Amino acid sequence: MIKHRNLASVGTLTVAALALTGCAGDGGDSAGGTTELSLLVNVTPNLTEEFWNELVAPFEEANPGIDVVVQNPGAEGVAAALPRLLTAGDAPDVVQSLPPTVDLAPELVDLSQYDWATSGPLADQYSIDGKYYMAGIGFQLQSLWFYNKTAFEEAGITQTPATVEELTAALGKLKDAGWTPIQTGGDWMTSHSLQTLGLPTVVGEDPDWFASMSAGEETFAETYGPAVETYAGWVADGYVPKDALGIKYPDAEQAFLSGKSAIYPMGSWFAGTEAKAEEKAEIGVFAAPAADGVATPAMGANIASPYSILKTSEDTDAAAKLVEFLVTDQTAVADQLEVDGNFRDGYEYEMDELGQELQQIVADTPAEAYTPTGQGYGERTLPTGYSDEINAQTQALIGGTDAADVEKAMDDWFAATIG
């Protein structure tokens with residue numbers, strides 16, 4: 001096996017130091033005719049440099065002519081490091097964790113010729129102008145309601161809600177049983193709860209909602225208004241605590257985990273926290289339902305670990321072999337899914353009961369049901385700033401602002417932003 005090396009944080013690299021085959025540097029093979037591929041990755045407490053090196057080791061062993069060099073972006077992160085490296089002419093061969101955008105697409109290799117890219121998770125949703133610029137390992141689900149099984153039992157709820165109407169009824173039963181029905185908080189969490197309520201219906205009824213809103217063909221009040229009004233009702237009935245805005249994310253997470261609240265709208269990454277907790281409530285999860293009558297509720301999701309190849313790579317064939325390994329090899333994919341609490345049908349790892357419930361949601365969700373959340377991705381995007389605006393307006397809703405005023409504020413924002 002070719003011994004792989006770690007690059008220093010890219011924040012400390014110079015053009016002279018980054019002499020890698022496959023980069024836009026001086027080119028050429030390293031000693032012994034070995035091709036070096038630089039892999040710019042997101043480094044976190046879970047995704048350590050050691051993890052990345054161990055992940056690519058089997059690929060190097062199977063391809064002795066390729067040496068994968070793990071590139072750590074340092075504190076600035078991949079999103080900030082890549083544009084700087086492109087400008088400096090020091091782009092990596094492969095970049096991880098950065099979904100393609102319309103602006104970035106011209107710098108990326110079109111992967112449409114590869115079945116492992118075109119048939120992978122969320123491939124169609126992330127395509128741009130019919131071209132596929134990334135391949136990912138799985139799903140990070142977002143339209144989820146985690147729930148305290150003891151709370152449901154005490155409230156006499158024997159089945160998880162299958163419609164928004166059933167969910168509203170369940171919240172009333174939970175409050176009557178003495179539980180805090182919904183655990184949410186301030187910061188970015190606030191709008192997450194409204195989107196978990198609204199998107200399954202909004203996009204379930206109109207898969208082209210993102211495009212229609214961006215083109216000014218529909219209004220927020222017409223499409224999202226019923227969800228805003230339902231949420232306002234939840235606030236008025238005390239299902240959403242009015243002091244929620246002062247609660248930080250870690251505190252909200254711990255409050256639900258320890259059994260102080262009944263339902264928690266959160267992404268699938270919560271399962272990773274739950275799996276590690278020694279003391280916790282008995283927790284289950286169900287896919288966010290749509291309003292009665294919607295045949296296929298939309299499921300908010302992001303791609304997990306998207307990989308793209310830079311056009312500046314001097315060996316795109318070798319880079320493609322690496323990406324194919326990272327997104328299809330059974331062990332490599334399972335290891336990546338497990339370390340960050342993500343999921344993909346057919347790629348299993350050791351899971352507790354909650355993880356198995358999430359895996360079943362993935363298996364039950366049709367590919368066409370997946371939708372972006374927030375500002376969106378691929379060709380399904382909203383004007384820049386939407387995520388901040390919907391968050392601010394949801395906070396106003398919790399603070400007592402009328403639903404009609406929130407709907408008007410959102411319509412005014414769209415009108416001013418689209419022009």
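Predicted model, so just to flag it, every value in this text is computed and none were measured.
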Closest approach of Gly300 and Ser143, non-hydrogen atoms and distance? N-OG, 2.7 Å
To the nearest 0.5 Å, what is the distance between CG (Asp340) and CD (Gln140)? 7.5 Å
State, yes or no, whether a side-chain contact exists between Asp124 and Tyr132 at a heavy-atom distance under 4.5 Å. yes
The test is side-chain contact (heavy atoms from CB on, under 4.5 Å); show your working for Trp234 and Leu197 and say whether it passes. CA-CA 11 Å; Trp234 289 359; Leu197 165 64; 3.7 Å; yes
Indicate the atoms forming the closest heavy-atom contact of Ala91 with Thr312, along with that distance. CB-OG1, 3.4 Å
With a 6.0 Å cut-off (strictly less than), is the heavy-atom count around CD of Gln356, excluding the residue itself, greater than 12? yes
Might you point out which heavy atoms bring Ala277 and Leu257 nearest each other, and give the distance in Å? CB-CD2, 3.7 Å
Determine whether the aromatic ring centres of Phe256 and Phe146 lie less than 6.0 Å apart. no
Do side-chain atoms of Glu60 reach the backbone of Val68 as a donor and acceptor pair under 3.5 angstrom? yes
Is the closest side-chain heavy-atom distance between Asp206 and Thr223 below 4.5 Å? no
With no hydrogens and no angle check, just 3.5 Å: does a side-chain donor-acceptor pair link Ser193 and Tyr231? yes
To the nearest 0.5 Å, atom CG of Leu82 lies from atom OG1 of Thr87 at 9.0 Å
Listed once per pair and sorted, the salt bridge (Lys or Arg N to Asp or Glu O under 4.0 Å) pairs that draw on residues 102-114, sequence neighbours left out: none
Using the test salt bridge (charged side-chain N to carboxylate O under 4.0 Å, His left out), find all partners of Asp187 that sit at least two apart in sequence or belong to another chain. Lys248
Given 3.5 Å as the limit, does a donor-acceptor pair link the side chain of Tyr147 with the main chain of Phe152, or not? no
Under 3.5 Å: donor-acceptor pair, side chain of Gln395, backbone of Leu245: no
Rounded distance [0.5 Å steps], OH in Tyr264 versus OG1 in Thr184: 8.0 Å
For the CD atom on Glu217, are there more than 12 heavy atoms of other groups (residues, nucleotides or ligands in this structure) within a distance under 6.0 Å? yes
Find out whether Ile418 and Pro383 are in side-chain contact, i.e. whether some heavy atom of one side chain is under 4.5 Å from a heavy atom of the other. yes
Sequence neighbours excluded, which residues qualify as side-chain contact (heavy atoms from CB on, under 4.5 Å) partners of Ala392? none
Name all residues meeting the salt bridge (charged side-chain N to carboxylate O under 4.0 Å, His left out) criterion together with Asp402; count only those two or more places apart in sequence or in a different chain, and write none if there are none. none
Ring geometry between Phe220 and Tyr224 (parallel below 30°, tilted from 30 to 60°, perpendicular above 60°): parallel
Are any side-chain N or O atoms of Glu222 and backbone N or O atoms of Glu218, one a donor and one an acceptor, separated by less than 3.5 Å? no
Would you check if the side chain of Thr316 reaches a backbone N or O of Ala319 as a donor-acceptor pair within less than 3.5 Å? no
Hey, could you give me each pair passing side chain to side chain donor-acceptor pair (under 3.5 Å) that has a residue in residues 363-384? Not counting sequence neighbours. Gln142-Thr373, Gln360-Asp364
Counting only N and O atoms by type, is there a donor-acceptor contact under 3.5 Å from the side chain of Asn53 to the main-chain atoms of Glu49? yes
For Leu108, all residues meeting side-chain contact (heavy atoms from CB on, under 4.5 Å), sequence neighbours excluded: Pro100, Leu104, Tyr133, Ser308, Leu310
So do Val164 and Thr230 actually touch side chain to side chain, heavy atoms under 4.5 Å? yes
Would you indicate whether the side-chain heavy atoms of Val102 and Asp129 approach each other to under 4.5 Å? no
Can you list everything that forms a side-chain contact (heavy atoms from CB on, under 4.5 Å) with Pro226? Sequence neighbours excluded, please. none
Any salt bridge (Lys or Arg N to Asp or Glu O under 4.0 Å) involving residues 268-278? Give me the pairs, sequence neighbours left out, ordered by first then second residue. Glu274-Lys280
Would a distance-only check, ignoring hydrogens and angles, find a side-chain to backbone donor-acceptor pair under 3.5 Å from Asp345 to Val362? no
Using the side-chain contact (heavy atoms from CB on, under 4.5 Å) rule, take Ile247 and Gln183 through it: C-alpha gap first, then chi angles, then the decisive distance, then the call. CA-CA 10 Å; Ile247 300 175; Gln183 180 67 65; 4.0 Å; yes
When you measure from the side chain of Trp116 to the backbone of Phe325, do you find a donor-acceptor pair of N or O atoms at a distance under 3.5 Å? no
Hey, mind stepping through Ile361 and Phe343 against side-chain contact (heavy atoms from CB on, under 4.5 Å) and telling me if it holds? CA-CA 10 Å; Ile361 290 174; Phe343 300 89; over 6 Å; no
Heavy-atom closest contact (Ala318 atom, Thr35 atom, distance): CB-CG2, 4.5 Å
So if I apply the side-chain contact (heavy atoms from CB on, under 4.5 Å) rule between Ser38 and each of Leu85, Asp93, Asp67, which one comes out positive? Asp93
Counting N and O atoms only, with roles assigned by atom type, does the side chain of Thr401 sit under 3.5 Å from a partner on the main chain of Leu397, one being a donor and the other an acceptor? no
Between atom NE2 of His192 and atom CG of Leu199, what is the distance when rounded to the nearest 0.5 Å? 10.0 Å
Only pairs at least two apart or in different chains count here, so list each salt bridge (Lys or Arg N to Asp or Glu O under 4.0 Å) that has a residue in residues 407-419. Lys408-Asp412
Would you say the side chain of Leu39 lies within less than 4.5 Å of the side chain of Tyr307, judging by non-hydrogen atoms? yes
Contacts satisfying salt bridge (Lys or Arg N to Asp or Glu O under 4.0 Å) that involve residues 289-312 (not counting sequence neighbours) are none
Should the pair Phe414 and Tyr386 be assigned to parallel (<30°), tilted (30 to 60°) or perpendicular (>60°) ring geometry? tilted
OG1 on Thr34 to CD1 on Ile66, rounded to 0.5 Å: 9.5 Å
Sorted by chain and residue number, the salt bridge (charged side-chain N to carboxylate O under 4.0 Å, His left out) partners of Glu205 (sequence neighbours excluded) come out as none
Within a strict 4.5 Å, meaning less than it, do heavy atoms of the Gln113 and Thr118 side chains meet? no
If the condition is salt bridge (charged side-chain N to carboxylate O under 4.0 Å, His left out), which residues does Glu357 pass it with, not counting sequence neighbours? Lys149
I'd like to know whether Leu47 forms a side-chain contact (heavy atoms from CB on, under 4.5 Å) with Val339, so could you lay out the CA-CA distance, the side-chain angles of the two residues, the decisive distance to 0.1 Å, and finally the verdict. CA-CA 7 Å; Leu47 301 170; Val339 75; 3.3 Å; yes
Determine whether more than 12 heavy atoms belonging to other residues, nucleotides or ligands lie under 6.0 Å from atom CD of Gln330. yes
Nearest heavy-atom approach of Val327 to Ala135 is CG1-O, 3.7 Å
Ignoring hydrogens and geometry, is there a side-chain-to-backbone donor-acceptor pair from Gln336 to Ala332 under 3.5 Å? yes
What are the two closest non-hydrogen atoms of Thr273 and Glu253, and how far apart are they? OG1-OE2, 3.4 Å
If you define the side chain from C-beta out and look only at heavy atoms, does anything of Asp335 sit under 4.5 Å from Tyr349? no
